Amino acid sequence: MSFIHVQAPGLLTTVQDLGREGFGPLGVSPSGAADPISLRLGNRLVANSESAAGLEMTLLGGTFHFPEAAVVALTGSDFGASIDDATVELWTSVEVRPGQTLRLGATRSGARCYLCVQGGIVVPSFLGSASTHILSRIGGFEGRPLRKGDVLEIGSATKSYRKRTIGPRVRDCLSPRGALRVTRGPQWDWFPESSQRAFDAAAFRVGEESNRMGLRLEGAPILRAGAEQMITEGVSLGAVQVPPEGLPIIIFVEQQTTGGYPIIANVICADFRRIGQLRPRDEIRFEQIELETARSLLIEQEKLLASEELILE
Amino acid sequence: MTEVARFQPASDRSLLVRFGHEITIYSNQQVRRLLRLLESEPIAGVRNLNPAYCSLLINFDALRLTHSELEAILRGYLFRLEDVRLPDPRQLEIPVCYGGEFGPDLNEVAALHGMTPAQAIELHASVTYVVYFLGFVPGFAYLGELPEALATPRLARPRRSVPPGSVGIAGKQTGVYPIAIPGGWRLIGRTPSEMFRKDRDNMSFLSIGDRVRFTSISSARFTALENA
């Protein structure tokens with residue numbers, strides 16, 4: 001058995017996989033990686049299944065000591081990683097020799113960086129997933145973010161090291177640009193035309209109080225004409241909820257399963273990963289598209305992930 | 001009664017099924033019937049279900065299903081809804097120590113309705129509530145209906161953290177906070193019963209469809225039960 005010693009946890013580092021779907025009737029939301037594409041690709045680089053558990057770091061990465069040899073990959077945002085002072089290339093599998101230390105710093109791009117290790121991070125499975133749900137203290141490593149001194153178990157690594165890297169065209173396709181794409185939310189019609197237009201045209205800033213539960217947006221308020229009360233109903237991942245004061249909240253991976261505020265729009269599946277890379281103070285806009293277009297974009301993204309030029313050896 | 005169910009896409013991978021636009025026992029039973037049917041005969045590609053008062057949100061894998069394909073399958077399920085038998089409801093009791101530090105809003109709630117705190121407690125504990133659904137966070141049961149005379153709007157400014165076990169009211173709903181979370185419901189008491197425990201067979205103390213009564217206990221009894 002081999003281990004990772006957490007010498008410094010970083011700002012907020014948790015064990016994540018692709019989440020636990022199917023427990024909505026209990027009020028348990030899926031959680032899972034905030035940028036699932038980066039986790040999936042990281043796992044493929046180290047020859048894991050896409051859904052293996054890795055570490056999700058937020059804004060500031062940690063320092064990890066490896067007493068034994070390991071094969072790792074960093075994906076997502078560039079946190080200026082190095083192993084014993086040698087720079088580590090992002091989106092590429094790397095061999096760690098026994099006794100080496102991986103250090104990450106502050107982000108140079110988006111919000112989250114993923115560390116995947118061949119064999120995966122081993123934690124007790126809760127409702128079929130290793131994903132940490134911070135608010136309800138379930139899953140992951142003791143249901144909480146990592147702390148200094150934690151020792152993580154790595155699953156047995158069976159494959160020999162091969163240098164694998166994500167192809168440049170794929171990286172380029174996955175790099176964020178343009179507006180976040182949304183489809184109309186169930187309560188779109190509850191908003192007067194002026195608010196609908198404002199929502200489509202406005203720029204919002206991601207607020208400091210954003211987290212894995214939701215991203216609070218700042219900007220010109222999106223107001224409703226009436227004060228009609230909504231009956232609480234199920235909330236989808238990526239829903240753009242508008243509380244009475246008019247500042248939208250994007251419902252995110254550690255989401256509430258139900259809610260009582262009107263939902264004006266919903267971010268499309270293909271852009272979930274981009275929500276996961278938004279930092280406080282980032283500026284965003286929304287672009288409304290049709291359901292059919294959203295579906296084609298998702299299919300396109302999955303085709304890209306299945307393409308032969310995805311991983312170069 | 002299939003004509004009362006309405007479909008609406010909620011996102012590019014979710015579909016809302018609504019049974020009317022008001023909270024009634026009947027519409028909630030329709031939600032429960034559809035939930036039960038979908039749990040016993042799952043549709044390939046459906047990933048998650050979020051029941052609420054009179055709606056069910058169905059999350060699906062958009063690579064496997066489209067909204068219209070899912071709607072077509074669901075129509076077949078809706079035709080059979082009236083034949084779905086719901087289990088007899090469980091009758092459960094939740095002991096509550098009302099007022100004091102456990103129920104910091106009790107006095108204000110009572111005053112708002114021109115009654116004494118003792119009358120407010122009596123009223124809250126006088127009714128058998130229905131668990132309409134679990135939602136928001138793990139194990140949070142939405143209970144109704146609160147007697148009209150106790151119906152109270154949420155706090156204007158939610159608390160940053162509500163202690164687990166807190167019993168709150170909001171509008172005509174009441175419920176128990178299972179974990180420490182921010183919350184805007186008015187707190188009138190606290191129970192020593194654990195609403196959500198991950199190391200228990202029934203992780204959630206309450207299930208959809210249960211019948212619940214609150215009983216008033218002393219703080220000494222609260223401490224005894226908490227340490228039991």
Side-chain angles (χ1 to χ4, degrees), chain A residues 19-30 126-127 133 135-139 143 181-187 213 229-240 251 254-260 263 265-272 289-295 297-299 301-302, chain B residues 8-18 20-23 27 32 35 38-39 42 46-59 61-63 66-68 132-142 153-154 170-171 173 178-182 195-196 198 202-204 207-208:
Chain A
R20 52 182 70 76
E21 288 266 26
F23 301 95
L26 274 178
V28 176
S29 58
F126 176 70
L127 297 176
H133 192 290
L135 181 77
S136 49
R137 296 184 191 149
I138 56 174
R181 286 145 318 170
V182 295
T183 52
R184 279 187 186 183
Q187 284 80 33
M213 283 186 76
Q229 288 283 308
M230 209 184 111
I231 298 174
T232 296
E233 61 186 25
V235 177
S236 303
L237 180 61
V240 185
I251 299 295
E254 250 184 60
Q255 67 168 84
Q256 57 192 71
T257 61
T258 57
I263 290 164
N266 208 106
V267 178
I268 66 167
C269 290
D271 280 353
F272 286 167
I289 61 170
E290 296 300 320
L291 286 170
E292 292 71 28
T293 317
R295 186 176 153 79
L297 288 166
L298 181 68
I299 292 169
Q301 189 175 81
E302 288 302 318
Chain B
Q8 187 183 22
S11 74
D12 62 347
R13 58 154 214 176
S14 61
L15 179 71
L16 268 166
V17 186
R18 289 208 187 86
H21 286 281
E22 51 182 337
I23 301 171
S27 59
R32 288 177 55 206
L35 176 67
L38 285 166
E39 284 177 335
V46 165
R47 302 282 297 275
N48 212 341
L49 303 165
N50 291 69
Y53 283 111
C54 47
S55 64
L56 182 68
L57 178 73
I58 304 179
N59 291 282
D61 180 349
L63 293 169
T66 65
H67 290 84
S68 50
Y132 280 96
F133 61 100
L134 303 180
F136 199 67
V137 293
F140 193 108
Y142 284 75
R154 288 174 173 77
Q173 316 168 101
I179 55 174
I181 48 169
M195 291 294 112
F196 190 84
K198 57 185 175 187
N202 280 329
M203 276 182 279
S204 177
S207 301
I208 192 166

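All chains are named by letter (A, B, ...) in the order of the sequence lines, taking the proteins before the strands, and each is independently numbered beginning at 1. All of these numbers come straight from a predicted model, not from anything done at the bench.
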Measuring from atom [atom1] of [X] to atom [atom2] of [Y], what distance do you get when rounded to the nearest 0.5 angstrom?
| X | Y | atom1 | atom2 | value |
| --- | --- | --- | --- | --- |
| B/Glu22 | B/Cys54 | CD | SG | 8.0 Å |
| A/Asp271 | B/Asp12 | CG | CG | 9.0 Å |
| A/Cys269 | A/Leu297 | SG | CG | 10.5 Å |

[X] versus chain B, the contacting section by heavy-atom distance below 4.5 Å:
| X | result |
| --- | --- |
| A/Glu292 | neither |
| A/Phe23 | backbone |
| A/Leu127 | side chain |

Given that the side chain runs from C-beta out, which part of [X] has a heavy atom under 4.5 Å from chain A: side chain, backbone, both or neither?
| X | value |
| --- | --- |
| B/Leu57 | side chain |
| B/Ile179 | side chain |
| B/Leu16 | side chain |
| B/His21 | backbone |
| B/Leu35 | side chain |
| B/Ala141 | neither |
| B/Phe136 | both |
| B/Ser11 | both |

When you compare the side chains of A/Gln187 and A/Glu233, does any donor N or O come within less than 3.5 Å of an acceptor on the partner?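 Indeed, the side chains of A/Gln187 and A/Glu233 share at least one donor-acceptor pair under 3.5 Å.
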
Give me the one residue out of B/Ile208, B/Asn48, B/Asn50 that meets side chain to side chain contact (heavy atoms under 4.5 Å, CB included) with A/Pro25.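 Result for side chain to side chain contact (heavy atoms under 4.5 Å, CB included) with A/Pro25: B/Asn48.
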
Does any N or O in the side chain of A/Asn266 come within less than 3.5 Å of the main-chain N or O of A/Gly185, such that one atom is a donor and the other an acceptor?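 Not confirmed, A/Asn266 side chain does not pair with A/Gly185 backbone.
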
Are any side-chain N or O atoms of B/Lys198 and backbone N or O atoms of A/Arg137, one a donor and one an acceptor, separated by less than 3.5 Å?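 Pair found, side chain donor or acceptor close to backbone of A/Arg137.
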
Does the gap between the ring centers of B/Tyr132 and B/Tyr53 come in under 6.0 Å?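 So the answer is yes for these two rings.
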
In terms of heavy-atom pairs under 4.5 Å with chain A, which of [options] leads?
| options | value |
| --- | --- |
| B/Ser204, B/Pro51, B/Pro9 | B/Pro51 |
| B/Gly135, B/Ala52, B/Pro138 | B/Pro138 |
| B/Asn59, B/Leu134, B/Thr66, B/Leu49 | B/Leu134 |

Any salt bridge between B/Arg13 and A/Glu21, counting N to O under 4.0 Å?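 Between A/Glu21 and B/Arg13 there is a salt bridge, with a charged N closer than 4.0 Å to a carboxylate O.
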
Who wins among A/Leu135, A/Ile138, A/Val235 for the most heavy-atom pairs under 4.5 Å with chain B?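 Max contact count across the listed options: A/Leu135.
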
In terms of heavy-atom pairs under 4.5 Å with chain B, which of A/Thr232, A/Val182, A/Ile263, A/Thr183 leads?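 Option with the greatest count: A/Thr232.
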
Can you tell me if CD on A/Glu290 sees more than 12 non-hydrogen neighbours from other groups inside 6.0 Å?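 Not buried by this count: 12 neighbours or fewer within 6.0 Å.
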
